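Okay, structure first, notes after.
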Amino acid sequence: MNRRVPLLLAALLLLLAGCTGTSDDEPGPQRAGRWQPVPGQPWQWQLSGRLDPTVDVPVYDIDGFDHPASTVDDLHRRGRKVICYLSTGAWEDWRPDAGKFPAAVLGQGNGWDGERWLDIRRTDVLGPLMATRLDMCRDKGFDAVEPDNMDGYDNRTGFPLTAADQLRYNRLIARLAHERGLAVGLKNDLDQIPQLFGDFDFAVNEQCAEYDECPSLSPFVDAGKAVFHVEYELGTREFCPLAKRLRLSSMLKRYELDAWRKPC
């Protein structure tokens with residue numbers, strides 16, 4: 001028997017494994033076991049009021065802090081996948097971990113009561129805090145996470161944030177989510193979609209039709225990834241034809257994001 005044959009086969013397998021690897025900074029392939037939302041899936045986004053679990057859609061997006069594991073379990077029994085809403089780019093003064101954020105990382109208000117932009121350059125501080133929040137999402141049984149306020153560099157935060165700072169931070173959040181087996185969505189941040197759509201499993205967007213920005217989300221759809229989209233000001237007749245053409249998962253919602261919805 002030729003003893004070189006097993007060695008050659010082993011070397012070939014190692015070479016093939018190396019060809020499929022990616023660095024932490026490169027968009028990797030879909031990993032086994034992680035949920036991948038697909039274009040056109042209906043969804044419900046409810047962040048206020050008493051949760052209505054009876055909406056007949058395959059995807060729910062709810063607040064990660066406000067709901068216990070039993071709520072996630074109930075939605076799973078109803079056949080839903082469940083997204084954990086978190087604010088990762090802004091501080092909220094009512095959250096149970098608000099006191100763990102040092103004053104040095106708190107910037108200007110972001111337009112919502114009790115919220116302030118975070119200095120996303122301080123990954124030494126924010127990384128562990130966000131990892132703990134993502135642990136919570138995982139431990140409650142969520143399938144994915146929606147990290148909000150991921151475009152601070154394009155706003156008046158009180159910090160000299162750059163596009164490179166935002167890319168680095170957003171990729172950190174995506175990596176932390178993936179390490180916990182969670183799918184992760186890119187919230188808004190349209191200008192950085194070309195650099196980031198490979199790092200994220202879906203997108204969540206507000207008002208792309210109102211601001212003529214929906215085509216910017218096409219890289220996600222083209223890659224087989226869902227775009228969960230809402231409008232607040234336009235009627236469904238104004239945005240649904242475009243949304244259907246682009247294969248967005250679109251609906252009309254009120255700004256308070258209560259149970260009411262009007263899907264396309």
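One is the number of the first residue; the rest follow in order along the sequence. Side-chain atoms are counted along with the backbone in the values below, which use heavy atoms only and exclude waters and symmetry mates. These numbers were taken from a predicted model, which means no experiment stands behind them.
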query: Judged by atom type as modelled, is there a donor-acceptor pair below 3.5 Å linking the side chain of Gln192 to the main-chain atoms of Ala163?
result: yes
- prompt: Of the options Leu86, Val82, Leu134, which is the one that meets Phe142 in a side chain to side chain contact (heavy atoms under 4.5 Å, CB included)?
  reply: Val82
query: When you check the gap from the basic side-chain N to the acidic O, do Arg80 and Asp56 get nearer than 4.0 Å?
result: yes
message: Run the side-chain hydrogen bond (donor to acceptor under 3.5 Å, both in side chains) test against Glu92 and tell me which residues pass, sequence neighbours left out.
response: Arg95
field: Cluster link Tyr255 to Trp43, ILVMFWY, side chain under 4.5 Å
entry: yes
statement: Taken in chain and number order and not counting sequence neighbours, the residues that satisfy side-chain hydrogen bond (donor to acceptor under 3.5 Å, both in side chains) with Ser216 are none
task: Report yes if the side chains of Met130 and Leu118 come closer than 4.5 Å at any heavy-atom pair, otherwise no.
output: yes
query: Got a second to check how far His178's NE2 is from Arg34's CZ, nearest 0.5 Å?
result: 3.5 Å
query: Sub-3.5 Å donor-acceptor pair from the side chain of Gln44 to the main-chain atoms of Val59, do we have one?
result: no
- request: Before giving the answer on side chain to side chain donor-acceptor pair (under 3.5 Å), spell out for Ser87 and Asn149 the whole-Å C-alpha distance, their side-chain angles and the decisive distance to 0.1 Å.
  value: CA-CA 6 Å; Ser87 182; Asn149 297 298; 2.9 Å; yes
- request: Report yes or no: does Asn155 contribute a side-chain atom to a donor-acceptor pair with the main-chain N or O of Thr157 at less than 3.5 Å?
  value: no
Arg116 side-chain N/O to Gly107 backbone N/O, donor-acceptor pair under 3.5 Å: yes
- prompt: Heavy-atom distance under 4.5 Å between the side chains of Trp117 and Leu161, does that happen here?
  reply: no
message: If we check side chain to side chain donor-acceptor pair (under 3.5 Å) with Lys187, which of these qualifies: Asn170, Asp148, Asn205?
response: Asp148
field: Donor-acceptor under 3.5 Å (Lys225 side chain, Val38 main chain)
entry: no
Centroid separation Phe202 to Phe228 less than 6.0 Å: yes
Lys/Arg N to Asp/Glu carboxylate O, Asp74 vs Arg78, below 4.0 Å: yes
- prompt: So with a 6.0 Å cut-off around CZ of Arg254, is the heavy-atom count from everything else above 12?
  reply: yes
- prompt: Quick one: does Glu238's side chain have a donor or acceptor within less than 3.5 Å of a partner on Gly235's backbone?
  reply: yes
query: Hey, is Arg121 close enough to Asp165 for a salt bridge, meaning N to O under 4.0 Å?
result: no
- prompt: Is the closest side-chain donor-acceptor distance between Gln46 and Tyr60 under 3.5 Å?
  reply: no
- prompt: Within a strict 4.5 Å, meaning less than it, do heavy atoms of the Met251 and Trp45 side chains meet?
  reply: yes
- prompt: With a 4.0 Å cut-off, would you call Asp135 and Arg138 a salt bridge?
  reply: yes
